[in-house]
Amino acid sequence: MALTKSSKLPQKALLKQILKRCSSLGKKQCYDDQGLRLDVPKGHFVVYVGENRSRYIVPISVLSRPEFQTLLHQAEEEFGFDHESGLTIPCHEDVFESLISTMLR
């Protein structure tokens, strides 16, 4: 299921906003001269998953996958995107790991 048209922003703008917000998190970490965290490879972003908010670094390519868009829609409904604590995915860690590994095959 893709993000619905009921979102206030068009899907492309929403994804850009998510990436920008994710790349601006953790100001205490080490950054390169372009402002990107050194532990997050180019073409990737960080999400937090599960009750313990475990941190995962995932490739940007998953953003276009319908399965990940479903997770984004659930995240928007449960947490919204207007918070500074990072993109949190409402999903159990084992389910998220399985889903990501399937998408990256």
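A quick note: this is a predicted structure, and the numbers were derived from the prediction, not measured.
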Apply side-chain hydrogen bond (donor to acceptor under 3.5 Å, both in side chains) to [X] and list each qualifying residue two or more places apart in sequence or on a separate chain.
| X | result |
| --- | --- |
| Glu51 | none |
| Ser98 | none |
| Glu97 | Tyr56 |

Checklist line | 4.5 Å side-chain heavy-atom contact, Val47 and Thr88 | finding: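 Not in contact.
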Taking side chain to side chain contact (heavy atoms under 4.5 Å, CB included) as the test, write out the residues that go with [X], two or more places apart.
| X | result |
| --- | --- |
| Leu104 | Pro59, Val62, Ile100 |
| Leu99 | Glu67, Leu71, Met103 |
| Asn52 | Ser54, Glu93 |

Closest contact, heavy atoms only, [X] versus [Y]:
| X | Y | answer |
| --- | --- | --- |
| Ile57 | Pro41 | CG2-CD, 3.8 Å |
| Tyr48 | Arg53 | CD2-O, 3.4 Å |
| Val58 | Phe96 | CG1-CZ, 4.0 Å |
| Ser61 | Ser64 | O-OG, 3.1 Å |
| Ile89 | Phe79 | C-CE1, 4.4 Å |
| Pro90 | Glu78 | CB-OE1, 3.2 Å |

Next item on the list: Check the pair Gln69, His73 against side chain to side chain donor-acceptor pair (under 3.5 Å), reporting the backbone distance first and the verdict last.
Entry: CA-CA 6 Å; Gln69 289 184 12; His73 183 68; over 6 Å; no
Next item on the list: Find the distance between CD (Glu76) and CG (Leu87) and round it off to the nearest 0.5 Å.
Entry: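 Going from the CD atom of Glu76 to the CG atom of Leu87 covers 10.5 Å.
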Margin query: To the closest 0.5 Å, what do you measure between CZ (Arg65) and OG1 (Thr102)?
Written below: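 The distance works out to 8.5 Å.
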Next item on the list: Consider only side-chain heavy atoms of I, L, V, M, F, W and Y, link residues closer than 4.5 Å, and tell whether Leu72 and Ile60 are in one cluster.
Entry: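 Yes; Ile60 is reachable from Leu72 via cluster members.
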